[in-house]
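In what follows, a structure is listed as structure tokens, so that the remarks can point back to it.
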Amino acid sequence: MERHRAQERDACGIGFVADPRGTTRRDVVELALQALARVRHRGATAADARTGDGAGILLAIPRALLAAELAGPAMRRAGIDASDAGRIGLAMLFDRSDDPVAVRRTVEEACRAERIAVAGWRTVPTDPSALGWVARRSLPRITQAVLVRPWGSDRQADRAAFRARRRAEAA
């Protein structure tokens, strides 16, 4: 039987590794990294032979770990302690602007409009030496806004975060 072109599905380079019980384990991350290393063929490589398509792994940051790492004056000013770990979240910013202060201000204003507190900012550690020269030319500044969600249901908080993101993007 001949398949119709609309029925074709291409999943080259997609992998999924997880513990069936939802347990967080280091060996699951190691397996994901091994899987990623085995799909080098799926992405293009630039002329520098080091720049690829940005493939990587996505994993959750445990809220308790995040709260412990971020404990400090900014969190205390926001009225957050380790018991509030469930209210803490991160907004990832990939910024190539000439004015990072203005970008932060825009995000803070968008969050304030939705009653989401910005407790602080964190610069994400990176290692540009692993990149090819092509990628380094367009390397963004990667920062995280530490957010404290407003009180209310998860659904209300998710909607507020969505609206804040849209406000920041529009600005």
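Keep in mind it's a predicted model, so treat the numbers as computed, not measured.
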Side-chain ion pair, Arg149 and Asp154, N-O less than 4.0 Å: yes
Nearest heavy-atom approach of Ala110 to Ala164 is CB-O, 3.3 Å
Please report the shortest heavy-atom distance between Pro128 and Arg136, naming the atom on each side. O-NH1, 3.4 Å
One should read off an interatomic distance between Glu114 CD and Arg166 CZ, to the nearest 0.5 angstrom, of 12.0 Å
State yes or no: do Phe94 and Val124 share one hydrophobic cluster built from I, L, V, M, F, W and Y residues joined by side-chain heavy-atom distances below 4.5 Å, directly or via other members? yes
Under a single-linkage definition using a 4.5 Å side-chain heavy-atom cutoff for Ile, Leu, Val, Met, Phe, Trp and Tyr, are Val17 and Leu36 assigned to the same hydrophobic cluster? no
Of all heavy-atom pairs linking Cys111 and Val118, the shortest is CB-CG2, 3.9 Å
Shortest non-hydrogen separation from Arg96 to Arg137 and the atoms involved: NH2-O, 4.2 Å
To the closest 0.5 Å, what do you measure between CZ (Phe16) and CG (Leu31)? 12.5 Å
Do Val146 and Leu90 have side-chain heavy atoms sitting under 4.5 Å apart? yes
Distance, nearest 0.5 Å, that separates OG1 of Thr143 from CE of Met92: 8.0 Å
What are the two closest non-hydrogen atoms of Ala135 and Leu131, and how far apart are they? CB-CB, 4.1 Å
Which heavy-atom pair separates Leu147 from Ala91 by the least distance, and what is that distance? CD1-CB, 3.9 Å
Asp27, CG atom: more than 12 neighbouring heavy atoms under 6.0 Å: yes
From Glu169 CD over to Arg165 CZ, what is the distance, rounded to the nearest 0.5 angstrom? 4.5 Å
Look at the side chain of Arg141 and the backbone N and O of Ser97, then say whether any donor-acceptor pair between them is shorter than 3.5 Å. yes
Salt bridge (charged side-chain N to carboxylate O under 4.0 Å, His left out) for Glu108 and Arg104? Distances and angles first, verdict last. CA-CA 6 Å; Glu108 289 170 352; Arg104 287 183 180 194; over 6 Å; no
Enter the distance from Glu30:CD to Leu33:CG here, rounded to the nearest 0.5 Å. 6.0 Å
